[in-house]
2 protein chains.
Amino acid sequence: MQKKSTSGRTSYHHGDLRRVVLDTAQAMLAEDRNWQFTLREVARRAGVSHAAPYKHFPDKASLLAELAMLGFDRLREVLAAAVATHPRSVRKAFLLAAIAYVRFGVEQPALYRLMFSAEASRGADVHLSERALNALGVLLELLQRGQQEGIFRRRPVRGQAAACWAQVHGLTLLTIDGLLLPEKVGDAPVDAALATLLEGLELP
Amino acid sequence: MQKKSTSGRTSYHHGDLRRVVLDTAQAMLAEDRNWQFTLREVARRAGVSHAAPYKHFPDKASLLAELAMLGFDRLREVLAAAVATHPRSVRKAFLLAAIAYVRFGVEQPALYRLMFSAEASRGADVHLSERALNALGVLLELLQRGQQEGIFRRRPVRGQAAACWAQVHGLTLLTIDGLLLPEKVGDAPVDAALATLLEGLELP
DNA sequence: ACCTGAACACCGTTCAAGT
DNA sequence: ACCTGAACACCGTTCAAGT
């Protein structure tokens, strides 16, 4: 996709190392379901010395924070796309967004874990939780629409949003950790849990 | 509470190092909200060489797994105690158990995170998720009772249990990470989220 | 039987020195 | 202006050697 380190003829100032580091890290996060983030390993794969990244990121935590922000941006896109497929029905849009959320995390566990890691928050300026909230804005709008259309209970939206976020966040992590076994029968726990969530939101 | 390392006259075989290591680790987890678990630091504080713990635990992951199991046992006790305070009302018992769950995690974030850490699961024999499920048995019984008493919807209990676990798990972690801001007004998001959960369980 | 000390391979981080 | 190499303090893990 971009300059290969092995063919790094052009200049030993290696184009735009900052971007290369980010791309490399993202690739490694995507490839290995549970890889322990290592600055040196990223540098190695990017084909630079282990000290080079420090010219572009003050420390490891800052890099993690940046990756987390990019992750939240992608999550927002995923949610928005899911909602866009059902512009008519708030109910369907909501359910699809919730499923898309869980799938996002389950498909990229290493990234999802990183997004909520203590180290990433430590490295972040205030903007990290802002991005997280931004990603969840999609769900918030859906809740508001649902209330206006009279299909969701009229409750403070912030509380409902907390319930939704906690539910999908919890489902994502429990699934990643393999703690939500389908057990005997084949009723996916995620679907069942989301159904319960919806029943808590919808008017009887 | 037990033998101090500094006064370790008695025998340089230091009593029961296995227990001392576990106690020391638990104390450190309880004291520092977000401390990065370090075998060497535990050994240091326990007053033994950094190699000594290896005589009692095959590796770091095993120690983490053991601590996680103890954590789940304590969680089960906390939940059971909460339920016991309201033997009459399933609804109240359920709500109090949920609150107790979140409080458990919020009061000991380092321990709670550890209980669900990838490293702890890696170090565990199969029994770890079993203990986790065991802790949740308390909630499961409540759901069954609620269904029998006709106050909860009749749905597959496993699905409802998944919804409950995901909700409290998510709330706990989001609270720990400081992502559930009370914002302006003083309506605690946790209470609101739990109310929504209950409405999803209860019959209209 | 139980613990220590040195050793190894790995990290994150820094800094003089290279181009 | 951007990168490298050696260096430092830290880890997890192992193993011969001590009591």
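Below, read A as the first sequence line, B as the second, and so on, with proteins coming before strands; counting in each chain starts at 1.
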Checklist entry - Rounded to whole angstrom units, what separation is found between the NZ atom of A:K55 and the C1' atom of C:dG18? => result 12 Å
Checklist entry - To the nearest Å, how far apart are B:Y54 OH and C:dC3 C1'? => result 15 Å
Item to check | Plane angle bin for A:F72 and A:F116 - parallel if under 30°, tilted between 30 and 60°, otherwise perpendicular | outcome: perpendicular
Next on the checklist: Given 3.5 Å as the limit, does a donor-acceptor pair link the side chain of B:Q167 with the main chain of A:A163, or not?
Outcome noted: yes
Checklist entry - When the distance from NE2 of B:H50 to C1' of D:dC11 is rounded to whole Å, what number comes out? => result 10 Å
Checklist outcome for this item: From the list B:V20, B:V21, B:V48, B:L22, side-chain contact (heavy atoms from CB on, under 4.5 Å) with B:V42 holds only for B:V21
Checklist entry - Quick one, which residues of residues 56-65 of chain B touch DNA chain D with a heavy atom under 4.0 Å? => result B:D59, B:K60
Item to check | Contact summary for A:A68 and A:L114, nearest pair of heavy atoms | outcome: N-CD2, 3.8 Å
Checklist entry - Looking at residues 109-119 of chain A, who's got a heavy atom less than 4.0 Å off DNA chain D? => result none
Next on the checklist: Are there over 12 heavy-atom neighbours, none belonging to B:R145, within less than 6.0 Å of that residue's CZ?
Outcome noted: yes
Checklist entry - What nucleic acid atoms does A:S49 come within less than 4.0 Å of, heavy atoms only: base, sugar-phosphate, or nothing? => result base
Checklist entry - Nearest-Å distance, CZ (B:R40) to C1' (D:dC11)? => result 6 Å
Checklist entry - Donor-acceptor pair, A:R40 side chain versus A:H50 backbone, under 3.5 Å? => result no
Item to check | NZ/NE/NH1/NH2 to OD/OE distance under 4.0 Å, B:D23 and B:R45 | outcome: no
Checklist entry - Do side-chain atoms of B:Q160 reach the backbone of A:A193 as a donor and acceptor pair under 3.5 angstrom? => result no
Next on the checklist: In terms of relative ring orientation, are A:Y112 and A:H169 parallel, tilted or perpendicular, with 30° and 60° separating the classes?
Outcome noted: tilted
Item to check | Length of the line joining A:L39:CG and C:dG12:C1', which is rounded to integer Å | outcome: 7 Å
Checklist entry - Near B:R155 CZ, under 6.0 Å, is it more than 12 heavy atoms from other residues, nucleotides or ligands? => result yes
Checklist entry - Heavy-atom count around A:Q36 CD within 6.0 Å, excluding the residue itself: above 12? => result no
Next on the checklist: Expected output check: what is the dot-bracket annotation of DNA chain C, where ( ) and [ ] are pairs inside the strand (brackets for crossing ones), | is paired with another strand, and pairs are Watson-Crick or G-U under 3.5 Å?
Outcome noted: ||.|||||...|||||.||
Item to check | Atom pair distance, as rounded to whole Å: CZ in A:R122 and C1' in C:dT13 | outcome: 14 Å
Next on the checklist: How many whole angstroms separate atom CZ of B:R44 from atom P of D:dC11?
Outcome noted: 5 Å
Checklist outcome for this item: Atom CG of B:L17 and atom P of C:dA1 are separated, to the nearest Å, by 17 Å
